[in-house]
Amino acid sequence: VQLQASGGGEVQAGGSLRLSCTASGQTVNRYTLGWFRQAPGKEREFVAGISWVGGSTYYVDSVKGRFTISRDNAKNMVYLQMNSLKPEDTAVYYCAADQTIAVRLPRPNYWGQGTQVTVSS
């Protein structure tokens with residue numbers, strides 16, 4: 001499975017961005033999909049995941065109520081709608097996938113390249 005993320009950019013605090021990730025090479029309708037991020041000097045952290053079982057979702061506390069993850073199995077894509085962005089959301093965002101039902105994606109086997117999100121105050 002190859003993953004290609006897009007949609008990053010620079011936005012002012014309070015603004016919105018929508019990240020997209022396209023999967024190729026294999027249908028991912030039985031994969032849990034998710035987003036991680038890595039800020040400068042920090043470890044990569046889980047942001048949001050969406051399971052292929054019932055479409056259940058999970059978010060890290062810091063983005064709950066502001067970010068929404070969704071998937072389109074027909075298009076082999078996963079999205080991350082990010083609203084009310086804060087400077088602390090600045091990071092490189094990565095999409096990930098794995099054949100697991102664990103919505104938090106503990107050990108993804110597949111990673112996309114990162115897309116930079118910069119939120120200015």
Side-chain angles (χ1 to χ4, degrees):
V1 175
Q2 293 81 45
L3 302 173
Q4 180 78 31
S6 62
E10 185 168 352
V11 65
Q12 289 190 332
S16 299
L17 282 174
R18 188 194 194 204
L19 304 183
S20 300
C21 179
T22 302
S24 60
Q26 193 165 348
T27 301
V28 294
N29 60 326
R30 289 183 178 270
Y31 284 67
T32 290
L33 307 173
W35 292 92
F36 290 71
R37 66 186 179 187
Q38 187 166 20
K42 295 187 177 181
E43 294 186 354
R44 189 177 300 187
E45 68 166 348
F46 170 86
V47 176
I50 183 165
S51 174
W52 64 272
V53 180
S56 59
T57 59
Y58 188 86
Y59 301 89
V60 67
D61 285 346
S62 58
V63 308
K64 284 181 180 177
R66 301 188 297 122
F67 290 12
T68 303
I69 188 171
S70 61
R71 64 190 295 162
D72 186 335
N73 288 336
K75 295 182 178 179
N76 237 25
M77 295 186 70
V78 61
Y79 307 96
L80 186 68
Q81 178 67 44
M82 304 186 295
N83 298 328
S84 302
L85 282 161
K86 304 176 181 180
E88 51 264 43
D89 294 318
T90 295
V92 177
Y93 283 71
Y94 300 87
C95 55
D98 198 82
Q99 288 177 298
T100 177
I101 61 172
V103 70
R104 301 186 199 186
L105 279 172
R107 290 174 295 278
N109 280 321
Y110 305 100
W111 293 90
Q113 94 294 354
T115 185
Q116 176 71 46
V117 172
T118 302
V119 184
S120 57
S121 57

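Follow the hydrophobic side-chain contacts under 4.5 Å out from Leu105 and you reach Tyr58 in the same cluster. Phe36 and Leu85 end up in different hydrophobic clusters when Ile, Leu, Val, Met, Phe, Trp and Tyr side chains are linked at under 4.5 Å. In terms of hydrophobic clustering, with Ile, Leu, Val, Met, Phe, Trp and Tyr side chains grouped at heavy-atom distances under 4.5 Å, Val11 and Met82 are assigned to a common cluster. Under a hydrophobic clustering in which Ile, Leu, Val, Met, Phe, Trp and Tyr are joined whenever their side-chain heavy atoms come within less than 4.5 Å, directly or via other members, Val78 and Tyr110 fall into the same cluster. At a threshold of 4.5 Å between side-chain heavy atoms, the hydrophobic network of Ile, Leu, Val, Met, Phe, Trp and Tyr places Leu19 and Val60 in one connected group.
Across all non-hydrogen atoms, the minimal contact from Val103 to Ser51 is CG2-N, 3.7 Å. For the residue pair Leu33 and Ile69, the shortest heavy atom distance occurs at O-CD1, 3.9 Å. For the pair Val28 and Arg71, the tightest heavy-atom approach, listed with the atom from each and the gap, is O-NH2, 2.7 Å. Residues Ala13 and Ser121 come closest through the heavy atom pair CB-CA, 4.3 Å. The shortest non-hydrogen separation linking Gly25 to Gln2 is CA-OE1, 3.8 Å. Summarising the geometry of Ala48 relative to Leu80, their closest heavy-atom pair is CB-CD1, 4.1 Å, with the distance given to 0.1 Å.
Without hydrogens or angle criteria, Asn76 side chain to Ala23 main chain gives a donor-acceptor distance under 3.5 Å. Under the 3.5 Å distance criterion, the side-chain polar atoms of Thr27 are left unmatched by any main-chain donor or acceptor of Asn29. A donor-acceptor pair under 3.5 Å is absent between the side-chain atoms of Glu10 and the main chain of Ser120, judged by distance alone. Between the side chain of Arg66 and the main chain of Ser84, a donor-acceptor pair closer than 3.5 Å is present. A distance-only check finds no donor-acceptor pair linking the side chain of Thr118 to the backbone of Thr90 [under 3.5 Å].
Once rounded to the nearest 0.5 Å, the distance linking CG of Asn83 with OG1 of Thr68 reads 6.5 Å. Atom CZ in Arg30 sits 13.5 Å away from atom OG1 in Thr100 (nearest 0.5 Å). Between the NZ atom in Lys86 and the OG atom in Ser62 there is a gap of 8.0 Å [rounded to 0.5 Å].
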Between Gln4 and Gln113, does a side chain to side chain contact (heavy atoms under 4.5 Å, CB included) hold up when you go through it step by step?
-> CA-CA 6 Å; Gln4 180 78 31; Gln113 94 294 354; 3.2 Å; yes
Can you check side chain to side chain contact (heavy atoms under 4.5 Å, CB included) on Val63 and Arg37, steps first, answer last?
-> CA-CA 12 Å; Val63 308; Arg37 66 186 179 187; 4.0 Å; yes
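Side chains of Thr32 and Asp98: no donor on one and acceptor on the other come within 3.5 Å. Under the 3.5 Å distance criterion, with hydrogens and angles disregarded, no donor-acceptor pair is assigned to the side chains of Asn109 and Arg107.
Residues Val1 and Tyr31 have side chains in contact (heavy-atom distance under 4.5 Å, counting atoms from C-beta outward). Between Met77 and Ser20, some side-chain heavy-atom pair lies under the 4.5 Å cut-off. Side-chain contact check for Tyr79 versus Asp72: some heavy-atom pair is nearer than 4.5 Å.
Ring orientation note: the planes of Trp111 and Tyr94 are nearly perpendicular, at an angle over 60° on the 30°/60° scale. Under the 30°/60° scheme for interplanar angles, the aromatic rings of Phe67 and Tyr93 are found to be tilted.
Checked for salt-bridge contact, Asp61 and Lys64 meet the test: a charged N lies under 4.0 Å from a carboxylate O.
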